[in-house]
Amino acid sequence: MMNLKQLEYFVSVAETLNFTRAARKCFISQTAMTQQIRALEESIGVLLFIRDKHHVELTPAGRVFMNEAKAILSRSEEAVKLARSAAEGFSGTISIGFIRGYEQSLFSETVRSFHEAYPNISIRLIRENMSALYGLLEDGECDVAFNLSPYVHNYYELSHRFLKSYPLMAVLYPGHPLTSRKHLSYRDLAGEEFIIMQPKGRPNDEAEEVILCYDRGGFAPNIVSREKEVQTLLLMVSAGLGIAILPEYAVRYYRNTRNLVVIPMLKEDLEEETLDFEVSWLTENHNPAIEKLLDWVQITKVTE
């Protein structure tokens with residue numbers, strides 16, 4: 001069977017029409033060059049050169065084969081370049097997960113600037129809830145996830161990198177007795193009815209809102225509704241069906257509306273209540289585009 005080296009030798013002879021110069025150009029002996037061309041002709045079953053001691057020329061079949069050989073060599077070089085670029089993270093594909101509501105942040109700017117820096121990396125976006133994203137990472141259906149971090153330590157196969165802490169906000173409906181307050185604590189909300197972000201089938205004790213209320217306020221919240229979409233949750237709050245606690249990025253565009261009242265959450269020492277945010281990935285996932293994205297987020301710091 002012919003190989004790429006034989007094609008390179010053939011093209012060199014075809015371009016120089018001289019076995020000695022072609023051999024010198026390819027850093028092999030003239031005898032080896034002659035043997036390789038003869039082996040190539042036997043492999044494809046046609047004579048490629050008419051040659052004697054003083055003259056070398058291409059046969060009609062050789063002229064046709066020369067064009068195809070050059071095309072094959074060019075395509076093989078491009079294949080090598082693409083493979084190397086993919087291995088280095090400059091091209092390929094990456095699936096990026098993000099928690100519901102995070103689209104309200106500057107996440108789109110992160111994705112856009114990364115795409116501009118690495119246009120040959122194809123991007124797929126996956127929008128899901130917190131626990132679902134961790135599951136997708138473990139199953140290999142998602143390469144990286146921008147997510148809240150309360151549970152990441154329970155997933156031993158995942159690596160993670162801290163991004164930032166987001167302030168937590170109490171979201172109330174107009175007319176609520178606490179709307180005149182400049183800030184609120186978890187203890188202030190102990191008797192409230194809560195609307196939370198929680199996918200169906202997920203146990204109550206795994207909801208981040210339940211954990212935060214218990215750890216920081218000392219109470220288990222009275223949950224009246226569980227929603228998958230931030231927009232639905234906020235609509236229910238504005239209708240007076242309950243209150244919510246959300247990260248600042250999820251409500252940044254609703255703070256000055258007449259249908260919602262957004263109040264910062266503070267700890268007892270008057271420090272901000274915050275929720276940590278991170279990017280996670282499966283440690284055994286060796287997609288080189290992952291490291292490019294992680295480096296990009298770290299260098300640009302555009303994620304808010």
Side-chain angles (χ1 to χ4, degrees), residues 71 74-149 152 155 157-169 197 228-231 234 246-256 274-304:
S74 176
R75 288 166 59 190
S76 68
E77 289 177 3
E78 184 63 23
V80 170
K81 290 178 182 178
L82 291 173
R84 287 174 176 170
S85 294
E88 295 170 357
F90 291 108
S91 66
T93 61
I94 188 170
S95 55
I96 304 174
F98 62 100
I99 193 169
R100 294 178 184 273
Y102 196 52
E103 65 274 8
Q104 303 291 340
S105 70
L106 297 182
F107 176 64
S108 61
E109 294 188 15
T110 301
V111 176
R112 184 180 68 249
S113 63
F114 178 72
H115 176 63
E116 291 173 349
Y118 299 100
N120 292 325
I121 296 180
S122 177
I123 298 173
R124 174 176 171 243
L125 296 178
I126 303 172
R127 180 172 172 264
E128 259 298 351
N129 289 291
M130 183 174 69
S131 56
L133 286 174
Y134 288 136
L136 291 172
L137 289 174
E138 287 190 316
D139 294 340
E141 297 181 30
C142 182
D143 291 310
V144 298
F146 291 80
N147 205 354
L148 303 177
S149 59
V152 70
Y155 295 84
E157 297 179 348
L158 299 183
S159 297
H160 54 98
R161 183 177 297 176
F162 173 79
L163 290 177
K164 69 175 297 181
S165 293
Y166 284 96
L168 283 170
M169 301 288 172
M197 291 286 294
K228 291 181 63 176
E229 301 293 341
V230 173
Q231 290 81 359
L234 293 176
L246 293 171
E248 183 274 337
Y249 67 76
V251 295
R252 60 170 55 188
Y253 299 114
Y254 300 93
R255 298 188 67 171
N256 297 317
T274 59
L275 199 58
D276 289 344
F277 211 82
E278 67 188 13
V279 57
S280 305
W281 66 98
L282 185 66
T283 304
E284 295 302 316
N285 187 340
H286 300 297
N287 181 350
I290 294 176
E291 193 60 36
K292 293 298 179 184
L293 177 61
L294 295 176
D295 290 344
W296 182 255
V297 171
Q298 185 68 26
I299 293 172
T300 58
K301 297 186 184 299
V302 294
T303 302
E304 290 192 8

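Small disclaimer: the values here were computed from a predicted structure and weren't measured. Both backbone and side-chain heavy atoms feed into the values below; hydrogens, waters and symmetry mates do not.
When every heavy atom of H160 is checked against every heavy atom of E278, the shortest pair comes out as ND1-OE1, 3.5 Å. The two residues I94 and A289 come nearest to each other via the heavy atoms CD1-O, 3.7 Å. Here the closest non-hydrogen pair linking L133 and F146 is CD1-O, 4.1 Å. Considering every non-hydrogen atom in both I96 and C142, the closest pair reads C-SG, 4.2 Å.
Remark: N285 pairs with D143, L282, N287, I290 by the side-chain contact (heavy atoms from CB on, under 4.5 Å) rule, at least two apart or across chains. In this structure, the salt bridge (Lys or Arg N to Asp or Glu O under 4.0 Å) partners of R127, at least two apart in sequence or on a different chain, are E103, E229. A search for side-chain contact (heavy atoms from CB on, under 4.5 Å) contacts involving F162 returns S165, D276, not counting sequence neighbours. Checked against side-chain contact (heavy atoms from CB on, under 4.5 Å), V111 has the following partners two or more places apart in sequence or in another chain: F107, I123, L125. For the side chain to side chain donor-acceptor pair (under 3.5 Å) test, residues two or more places apart in sequence or in another chain that qualify with T283 are S159.
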Test side chain to side chain contact (heavy atoms under 4.5 Å, CB included) on L148 and Y166 and set out the steps. CA-CA 10 Å; L148 303 177; Y166 284 96; 5.9 Å; no
Test L168 against E248 for side chain to side chain contact (heavy atoms under 4.5 Å, CB included), laying out the working first. CA-CA 6 Å; L168 283 170; E248 183 274 337; over 6 Å; no
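Of the options V297, I126, V279, a side chain to side chain contact (heavy atoms under 4.5 Å, CB included) to V144 is made by V279 and by none of the others.
In this structure, CZ on R124 lies 9.5 Å from OG1 on T93, to the nearest 0.5 angstrom.
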